[in-house]
Engineer: 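Could you have a look at this structure, given as structure tokens, before my questions?
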Amino acid sequence: MTKIPAPQTALHLLAVAALTASAAGSALAQGQPPLKVGLMLPATGTFAALGTAIENGFRLHVAEQGGKLAGREIQYFKVDDESDPAKATDNVNKLIKRDNVDVIVGTVHSGVALAMARAVKESKTLLIVPNAGADAITGPLCAPNIVRSSFSNWQPGYATGVMAAQKGYKTAMTITWNYAAGSETVKGFAEAFEKGGGKVLQNLNLPFPNVEFQALLTQIASQKPDVVFAFFAGGGAVKFVKDYDAAGLKKSIPLMGSGFLTDGTLEAQGESAQGLLTSLHYADGLNTPRDKGFRSKYAVTYKLQPDVYAVQGYDAAQILAGGLAAVKGDFSQRDAMVAAMRKMTVDSPRGKYTLSAAHNPVQDFYIRQVKGRENVMTGIAVKVLPDPARGCKM
Ligand code: BEZ
């Protein structure tokens with residue numbers, strides 16, 4: 001039987017294997033100090049596992065490049081943002097002002113990311129957002145120093161709305177947390193669902209990260225829509241899917257969601273998640289050589305299966321690497337570096353994509369169905385979907 005190396009050892013082996021390949025491009029970066037990368041991610045709370053997956057993905061790509069990007073050593077600085085918007089400005093300023101990082105990679109929660117975007121617009125620090133979908137980040141707050149490797153909240157909401165309308169559902173209720181990610185995802189869903197002939201009867205919500213769903217499930221049972229659309233993620237998604245099933249609703253009213261509802265959560269959701277349909281920019285069983293290679297390296301390194309968050313973290317590192325390579329590791333050539341990011345085709349495990357003028361991925365949205373412990377790809381809801389980038393002036 002093959003012995004699986006411990007994560008650190010596996011990362012080291014990957015780094016050694018990649019060193020030779022990266023040596024040629026590193027000549028110019030010789031003598032430059034390490035690139036200071038600030039990781040602002042949740043390490044505690046309902047999104048903690050999402051933060052870990054993003055960091056794992058980021059480090060995996062760096063290891064594949066021999067532990068350096070464009071010949072620059074990487075020095076990490078970490079802040080646990082707790083997915084708490086109230087602490088976000090103080091937290092991001094630890095990285096900007098105390099640690100004086102070159103680039104910040106973060107975060108998961110839209111409310112926290114909005115505060116980060118405002119702070120870096122002022123400090124001009126490069127920010128790569130590896131999850132948070134807040135529409136404003138690639139809308140009114142868009143900036144030359146802000147890039148996203150994930151999605152805008154509008155995108156997976158819109159793709160799921162297309163799917164629900166195509167299934168012939170005429171009425172829907174939505175349920176989510178009352179913050180930017182919830183309300184914007186629901187808006188995207190309603191836009192596509194109503195364009196496709198459906199009607200949203202009512203939007204239900206509760207404060208983040210509350211998981212007391214019972215009263216809202218009772219309202220759904222009494223209104224009996226054709227379909228329910230939900231945005232929840234992490235620990236909250238686990239509890240919601242289980243509660244929906246336990247309330248007897250799964251048998252009578254189909255539940256759909258943006259794919260965060262079932263990504264990285266299936267082990268804990270078990271039977272309650274079986275058969276659920278979602279849409280997202282990643283899925284299990286894509287079966288491409290790129291994805292298969294990524295998945296096996298991730299599994300060997302971390303003894304875990306990757307999820308969408310791991311892919312987004314991996315791509316954050318790929319985008320940074322692509323920009324840095326174009327300037328041979330010279331971070332001071334910021335405009336040329338960002339221009340190269342904007343032009344690159346990201347060879348992602350999710351499939352190849354480019355960044356829009358507002359720096360948001362223009363990407364396919366898959367139809368996924370839960371089978372066992374996988375979100376199996378069964379088709380494409382919308383191909384090459386750009387975010388409308390409403391309000392972005394750059
Ligand atoms: C968000 O807050 O933007 C978010 C959090 C978890 C999953 C997806 C989006």
Side-chain angles (χ1 to χ4, degrees), residues 40-55 57 81-88 91-92 105-117 127-139 141 146 148-160 174-189 205-211 229-241 257-266 268-269 278-283 306-313 315-316 350 360-361 363 365 368 375 387:
M40 179 153 155
L41 295 166
T44 49
T46 197
F47 289 160
L50 288 57
T52 303
I54 289 169
E55 180 172 345
D81 68 39
E82 303 170 46
S83 295
D84 186 348
K87 298 180 184 162
N91 278 330
V92 75
V105 177
T107 188
V108 170
H109 185 287
S110 276
V112 176
L114 285 167
M116 295 171 75
L127 171 65
I128 304 180
V129 181
N131 183 69
D135 288 345
I137 288 174
T138 49
L141 289 174
I146 302 178
R148 185 148 55 190
S149 66
S150 51
F151 60 93
S152 74
N153 288 325
W154 178 91
Q155 284 177 307
Y158 186 90
T160 317
T174 70
I175 180 164
T176 187
W177 283 309
N178 188 9
Y179 82 112
S183 58
E184 291 170 358
T185 308
V186 159
K187 254 193 178 164
F189 172 83
N205 54 55
L206 70 172
F208 175 88
N210 195 326
V211 290
F229 171 79
F231 166 82
F232 294 106
V238 171
K239 173 87 165 38
F240 178 75
V241 166
S258 57
F260 307 109
L261 193 63
T262 55
D263 226 88
T265 53
L266 290 175
Q269 287 165 333
T278 63
S279 181
L280 205 63
H281 47 288
Y282 189 55
D307 54 21
V308 68
Y309 309 105
V311 171
Q312 293 168 168
D315 286 357
R350 74 184 88 166
N360 191 68
Q363 56 194 336
F365 279 80
R368 306 128 41 98
N375 287 287
D387 172 76

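Order of listing sets the numbers, starting from 1, for every ligand and every atom in it. Sequence positions, counted from 1, serve as the residue numbers for this chain.
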Engineer: Report the part of Phe151 (side chain from C-beta onward, or backbone N, CA, C, O) that has a heavy atom under 4.0 Å from ligand 1; answer both or neither where that applies.
Structural biologist: side chain
Engineer: Is the side chain of Gln312 donor-acceptor paired with the backbone N or O of Val129 at a distance under 3.5 Å, no angle test?
Structural biologist: no
Engineer: Taking the side chain from Ser258 and the backbone from Gly157, do they hold a donor-acceptor pair closer than 3.5 Å?
Structural biologist: no
Engineer: Go through ligand 1 atom by atom and flag the ones less than 4.0 Å from a non-hydrogen atom of His109.
Structural biologist: 2 (O)
Engineer: Should the ring pair Phe229 and Phe189 be called parallel, tilted or perpendicular, given that the plane angle runs from 0 to 90° and is split at 30 and 60?
Structural biologist: parallel
Engineer: Given 3.5 Å as the limit, does a donor-acceptor pair link the side chain of Gln155 with the main chain of Phe365, or not?
Structural biologist: no
Engineer: Tell me, with the steps shown, if Asp135 and Lys187 meet salt bridge (Lys or Arg N to Asp or Glu O under 4.0 Å).
Structural biologist: CA-CA 11 Å; Asp135 288 345; Lys187 254 193 178 164; over 6 Å; no
Engineer: Please indicate whether any nitrogen or oxygen in Ser110 is less than 3.5 Å from any nitrogen or oxygen in ligand 1.
Structural biologist: yes
Engineer: What protein heavy atom lies closest to atom 2 (O) of ligand 1? Include the residue and the distance to one decimal.
Structural biologist: Tyr179 OH, 2.6 Å
Engineer: Which bit of Phe208 is near ligand 1, meaning a heavy atom under 4.0 Å away: side chain, backbone, both or neither?
Structural biologist: neither
Engineer: Please list, in number order, the atoms of ligand 1 under 4.0 Å from a heavy atom of Asn131.
Structural biologist: 4 (C), 5 (C), 6 (C), 7 (C), 8 (C), 9 (C)
Engineer: Would you please classify the geometry between the Trp177 ring and the Phe47 ring as parallel, tilted or perpendicular, with 30° and 60° separating the classes?
Structural biologist: perpendicular
Engineer: Has ligand 1 got any nitrogen or oxygen that is less than 3.5 angstrom from a nitrogen or oxygen of Gly133?
Structural biologist: yes
Engineer: Near Val108, which atoms of ligand 1 are under 4.0 Å from a heavy atom of that residue?
Structural biologist: 1 (C), 2 (O), 3 (O), 4 (C), 5 (C), 6 (C)
Engineer: Quick check on contacts: which atoms of ligand 1 are under 4.0 angstrom from a heavy atom of Asn153?
Structural biologist: 3 (O)
Engineer: Tell me whether Arg148 contacts the main-chain N or O of Ile137 through its side chain, where contact means a donor paired with an acceptor under 3.5 Å.
Structural biologist: no
Engineer: Output yes when a side-chain donor or acceptor of Thr176 lies under 3.5 Å from a complementary backbone atom of Phe231, and no otherwise.
Structural biologist: yes
Engineer: What atoms of ligand 1 come closer than 4.0 angstrom to any heavy atom of Ala132?
Structural biologist: 3 (O)
Engineer: Need the ligand 1 atom indices (1-based, order shown) with element for anything under 4.0 Å from a heavy-atom of Ala233.
Structural biologist: 6 (C), 7 (C)
